[in-house]
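Here the structure is a predicted model, which means the values were calculated and not measured. Quick note: numbers below take in every heavy atom, side chains included, and nothing from hydrogens, waters or symmetry partners.
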Amino acid sequence: MTDKGFSALGLLFCFASFIQTLHLAYGDLSYSVAEEMKRESVIGNIAKDLGLDLRTLSSRKARVDFDGTRKEYCDINLSNGDLIVTERIDRENLCGKKASCVLKVDLVLENPLELHHLSLHIQDVNDNPPQFKDNLIEMEIRESAEKGNRFSIEQAHDADIGQNSVQRYSLQKNDNFILGVDSKKVELVLENKLDREKQKEINLFLTATDGGSPQRSGTVVIHITVLDANDNAPVFSQDVYKTSLPENSPPDTVVINVSATDADEGVNGDVTYDFGHMSDDDVNVFSIDDKTGEIQVTGVIDFEERSSFELTVKAKDGLGLTSYAKVMIDVNDVNDNAPLIYLKSLANPVPENVSPGTEVGIINVQDRDSEKNGQVGVSIQQIIPFKLVPSIKNYYSLVTTGKLDREQVPEYNITVTATDEGSLPLSSSKVVQLSVADVNDNPPVFEEQSYSTYVTENNKPGSTLCSITARDPDWRQNGTVIYSLLPGEVNGAPVSSYLSVNGETGEIHAVKSFDYEQFRSFKVHMMARDNGSPPLSTNATVSVFITDVNDNSPQILYPSAEDNSFMTELIPKAAHGGSLVSKVIAVDADSGQNAWLSYHIVKSTDSGLFTIGLHSGEIRTQRDISESDSMKQKLIVAVRDNGQPSLSATCSVHLLISDNLAEVPEMKDMSYYESNSKLTFYLIIALVCVSTFFFTFIIIILGVRFCRRRKPRLMFDGAITIPSAYVPPNYADVDGTGTLRSTYNYDTYLTTGSRTSDFKFISSFNDNTLPADHTLRKSPSDFADVFGESEESPEVGIKYPLNVPTV
């Protein structure tokens with residue numbers, strides 16, 4: 001077997017996952033990466049190569065973005081900074097037969113925005129064997145063919161490049177043909193003339209071998225039929241055809257016509273056309289007319305997917321002689337791709353207290369078109385406190401231009417518009433929804449700075465007085481209002497002993513019952529505090545006014561009925577009608593109409609003699625005093641207030657019609673009877689009880705003495721004299737009422753060494769008049785003179801000897 005072909009380098013090409021790291025300008029990196037690396041394989045350590053702090057990778061949201069591809073072939077491990085493979089990388093699929101295959105990657109970091117360009121040079125590995133289009137090549141050659149004639153053979157195709165592509169061809173050893181190989185074609189060269197009589201058919205094995213490691217190869221069988229005559233093979237008008245085609249050309253669009261001629265005549269000169277080896281992606285894109293050589297579009301032409309095509313066209317005559325030509329098709333870009341807007345980062349929500357110029361988002365804009373069709377301008381047309389600032393390459397920072405206020409605008413829908421610079425510009429828009437986070441920047445505000453509430457006295461404890469309301473425009477806990485009572489005092493007592501407030505609703509409740517007569521109003525200070533951090537608060541004043549209810553009866557100051565004094569007014573007999581004889585003075589602790597007092601005579605000795613002022617309480621005569629009028633006049637006066645219901649009080653007014661007190665002998669008896677009758681009754685009961693106890697005590701002592709039948713010895717030298725029940729000989733109806741005087745004091749004097757003791761009765765005298773302005777006070781001696789009392793003093797102390805025999 002004879003071996004012919006390219007110069008063999010004889011080197012094995014082995015790639016590791018990481019070959020070389022180069023530091024480029026502006027902190028860029030370049031990595032060499034072998035294709036077909038396993039997932040999770042490490043390409044390099046970005047953090048170490050760029051000098052980044054591992055601790056900040058996560059907080060700065062480090063990530064990789066790919067330019068011009070939908071797949072993400074690698075990613076960054078935030079824990080250690082390694083760049084790792086995440087998708088299968090196939091160089092042949094990414095770059096085809098291009099000598100250089102570079103995958104552009106951007107490393108993006110935020111806070112602040114930082115961009116590093118990474119270039120991943122995808123290195124070819126020998127993962128594809130050489131392949132012939134067909135497994136069998138049919139050829140017919142006339143036996144008359146001259147020595148040195150050349151017959152073209154379609155080259156083998158290897159998807160790999162460089163050393164991994166086809167490096168040499170070898171032909172099975174035979175007697176007639178050798179292999180002729182150059183950079184453009186592979187040919188069978190007739191070394192010895194054919195003899196049809198000796199050999200009608202010849203089978204040869206052609207092997208294509210690449211230079212990779214491990215080495216790969218492909219084989220095709222060449223079947224040659226020896227004929228009588230066919231001297232000429234088809235010849236193309238050009239070895240290489242070049243043309244261009246706009247992308248998005250519709251199907252059936254003519255790309256180019258190829259032409260080949262054959263000098264033979266008849267069937268031997270008929271030429272047919274076909275494609276040589278084509279990749280799977282190109283098979284459905286183009287078609288060729290086998291008679292005319294016209295190439296047409298049958299699939300989708302997309303500049304962004306593929307910018308050029310290289311096709312092999314085969315021309316074959318009727319007897320199997322072939323020739324080959326190349327067709328180079330360049331795809332022209334058309335502005336058919338609108339810009340794409342990617343939101344790479346967004347601080348959502350953004351606090352409302354951020355300062356102008358704060359970066360809140362990062363936007364990336366890409367246009368897959370080329371040149372001017374791919375140049376993009378970005379803008380925000382709305383009048384909002386945001387703008388886009390060009391940052392790095394095709395990145396833009398979304399920054400604030402003014403202060404934000406969540407209470408005014410809680411959310412923004414920012415429309416970002418990107419427009420390219422093509423002849424027919426294309427544009428796209430993206431709405432970025434940005435919420436404004438609340439900050440506790442608003443204190444609660446009361447609906448009123450001061451509140452007034454009215455409550456009737458004698459209210460029930462716990463009753464609701466009023467409700468206060470404060471609004472806080474902040475959100476959630478920052479806007480939650482809590483009410484409280486500020487410390488203070490009301491009438492020397494803590495304000496909390498009077499009022500309480502519901503912290504959630506703001507309802508103010510009375511802790512105790514209020515008394516209008518104690519105080520009529522007071523002020524407290526309320527605080528509304530939000531639940532933010534730090535909390536904000538506002539104060540308001542609440543004035544509580546207590547309204548009066550008619551809960552106090554009129555109180556009569558004159559004449560007084562609280563003590564036992566006797567009060568009377570002396571009226572001259574010559575008094576005329578309308579004369580002022582006395583005045584009832586009363587007050588009411590209530591206020592307003594509840595304290596409007598009216599005076600009424602409800603009972604009198606002579607109903608037509610006296611009248612009282614309805615509102616003044618002045619007692620006047622209605623007519624002149626006559627001789628027939630009784631000397632002693634008694635008026636019962638009722639004092640009523642104007643409340644609902646009305647309350648009243650009564651008093652007795654004693655009037656004496658006389659020019660001289662000596663004319664009134666029974667005045668004292670009347671006073672005493674009216675003022676002290678009840679007290680006398682109680683004194684009588686007390687006297688009876690004391691006397692009963694005294695006699696019982698005497699009987700017990702006598703019984704004990706008789707039982708012992710001996711003379712008792714006492715602690716003292718003499719015997720204690722026990723008074724017997726003895727009624728003073730002068731006991732009489734002192735006041736003419738048939739009862740004892742109001743007060744008696746009983747003092748027993750017991751002495752030792754004596755058989756007698758003194759028992760002292762002391763009667764007390766209660767004044768029968770009360771002192772008051774414009775009131776006539778009578779001394780006891782005066783009344784004694786007027787009413788004919790005994791000569792004894794009204795307050796007497798009498799000692800009576802008690803002679804009680806000793807038992």
- Could you go through the side-chain contact (heavy atoms from CB on, under 4.5 Å) check for Thr611 and Ile619 one step at a time? CA-CA 6 Å; Thr611 183; Ile619 301 175; over 6 Å; no
- Task: Indicate whether the side chain of Asn478 and that of Asp438 have a donor and an acceptor atom separated by less than 3.5 Å.
- Result: yes
- Query: Stepwise, does the side chain to side chain donor-acceptor pair (under 3.5 Å) test hold for Asp474 with Asn442?
  - Reply: CA-CA 6 Å; Asp474 292 325; Asn442 292 283; 3.0 Å; yes
- Item | Tyr498: ring-ring contact (aromatic ring centres under 6.0 Å, His included) partners, not counting sequence neighbours | Phe519, Phe522
- Thr605 side chain to Lys634 main-chain N or O, any donor-acceptor pair under 3.5 Å? yes
- Message: Ala575: which residues meet the side-chain contact (heavy atoms from CB on, under 4.5 Å) condition with it, sequence neighbours left out?
- Response: Ile571, Ser579, Ile625
- Message: Donor-acceptor pair, distance only, cut-off 3.5 Å: does the side chain of Asn440 make one with the backbone of Pro534?
- Response: yes
- Message: Is the shortest side-chain heavy-atom distance between His654 and Ser652 below 4.5 Å?
- Response: yes
- Task: Compare all side-chain heavy atoms of Ile414 with those of Ile380 and state whether any distance is below 4.5 angstrom.
- Result: yes
- More than 12 foreign heavy atoms under 6.0 Å from CD of Glu504: is that the case here? no
- Query: Without hydrogens or angle criteria, can the side chains of Glu507 and Ser467 be said to hold a donor-acceptor pair below 3.5 Å?
  - Reply: no
- Without swapping roles, check the side chain of Thr453 against the backbone of Leu465 for a donor-acceptor pair under 3.5 Å. yes
- Message: Closer than 4.0 angstrom, basic N to acidic O: yes or no for Lys573 and Asp659?
- Response: no
- Task: Take Thr464 and Ile508 through the side-chain contact (heavy atoms from CB on, under 4.5 Å) test and state the conclusion after the steps.
- Result: CA-CA 6 Å; Thr464 301; Ile508 299 177; over 6 Å; no
- Item | Any donor-acceptor N or O pair under 3.5 Å, side chains Ser616, Tyr599 | no
- Please lay out, stage by stage, how Ser582 and Phe610 fare under the test side-chain contact (heavy atoms from CB on, under 4.5 Å). CA-CA 10 Å; Ser582 185; Phe610 299 100; over 6 Å; no
- So, are Asp629 and Arg623 salt-bridged, with charged N and O less than 4.0 Å apart? yes
- Task: Spell out, as yes or no, whether a donor-acceptor pair under 3.5 Å connects the side chain of Glu359 to the backbone of Ser397.
- Result: no
- Item | Asp515 backbone acceptor or donor facing Glu457 side chain under 3.5 Å | no
- Item | Any pair counted as side chain to side chain donor-acceptor pair (under 3.5 Å), so long as it reaches residues 531-548, sequence neighbours left out | His525-Thr541, Asp548-Asn594
- Query: With distance as the sole test, does Gln593 use its side chain to make a donor-acceptor pair with the main-chain N or O of Asp641 at under 3.5 Å?
  - Reply: no
- Task: For Asn552 and Asp590, test the side chains for any donor-to-acceptor distance below 3.5 angstrom and give the result as yes or no.
- Result: yes
